[in-house]
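A short write-up of the structure that comes next.
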Amino acid sequence: MTRQRILVVEDDQAIRLFIESALKSAGYLVDSCTTVATACAYMQAQRPALLLLDLGLPDADGRTLITHLRSRSDMPILVLSARSQEGDIVSCLDLGADDYLVKPVGVAELLARVRVALRHALVMAQRDQVVSVGELVIDLHKGLVLLAGVPVHLTPKEYALLSILAQAQGQVITQRKLLAQVWGSEFVDYGHYVRVQMGNLRAKLERVAAEPRYILTEPGVGYRLAES
Ligand code: CA
């Protein structure tokens, strides 16, 4: 099994070295940084398996990073903070952190919580690989789309759009987000690109394209895949 990479965001050098050595000795690859800004920059280029996050950071509160990441990723986030007030813990969990550890923490507990968060993420990822609604099945792992058991041939753009909707099943994805992810950020104003491709997708997937059951339009916002 490939070694999983963990990003540690912690400005206290002694604690950072302690965490790094604990994680490395358990076989993880570890990268670290000391500010929210460097963590954001890192995340643009890398996708670590888990984020271990301090809250009191020099440039911003670690919670801003939770909010930032949760708008784009399901990556497990484990907060490690000296703040032990219930309000701090609850606010981090509400923002989307997976777990919260109060410093000081022992190596065994830290590693156990990391294992739990990674295991949970793996279960979620596997569960999310096959999305179905009605007679439509989208296997994100195999890149396969079936309608009433029959494979549907989609172009790469059509599949890219459908898979984004499938990964967020039930949730509206804005037209601009679809444009940015499928065509690139310089195309976010080219709404007709999405409309044309959605028309093609509906022609292939819907019985009556004008009365879609699967790919639903949220007027003025974007699209979503219906929930089963
Ligand atoms: Ca700190």
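Numbering of ligands and ligand atoms starts at 1, following listing order. All of these numbers come straight from a predicted model, not from anything done at the bench.
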- Item | Closest approach to the Ca ion (ligand 1) by Asp11, given as the N, O or S atom name | OD1
- Message: Distance check below 3.0 Å: does Ala82 bring an N, O or S atom to the Ca ion (ligand 1)?
- Response: no
- Message: Tell me whether the Ca ion (ligand 1) has Asp12 as a neighbour, meaning an N, O or S atom of it below 3.0 Å.
- Response: no
- Determine whether more than 12 heavy atoms belonging to other residues, nucleotides or ligands lie under 6.0 Å from atom CZ of Arg207. no
- Which of these passes side-chain hydrogen bond (donor to acceptor under 3.5 Å, both in side chains) with Thr217: Arg195, Arg202, Arg224? Arg202
- Has Glu86 got more than 12 heavy atoms of other residues, nucleotides or ligands less than 6.0 Å from its CD? no
- Task: Begin from the C-alpha positions of Leu55 and Tyr100 and carry the test side-chain contact (heavy atoms from CB on, under 4.5 Å) through to its verdict.
- Result: CA-CA 11 Å; Leu55 294 181; Tyr100 193 110; 3.6 Å; yes
- Message: Report whether any nitrogen, oxygen or sulfur of Asp54 sits less than 3.0 Å from the Ca ion (ligand 1) (N, O or S, backbone or side chain).
- Response: yes
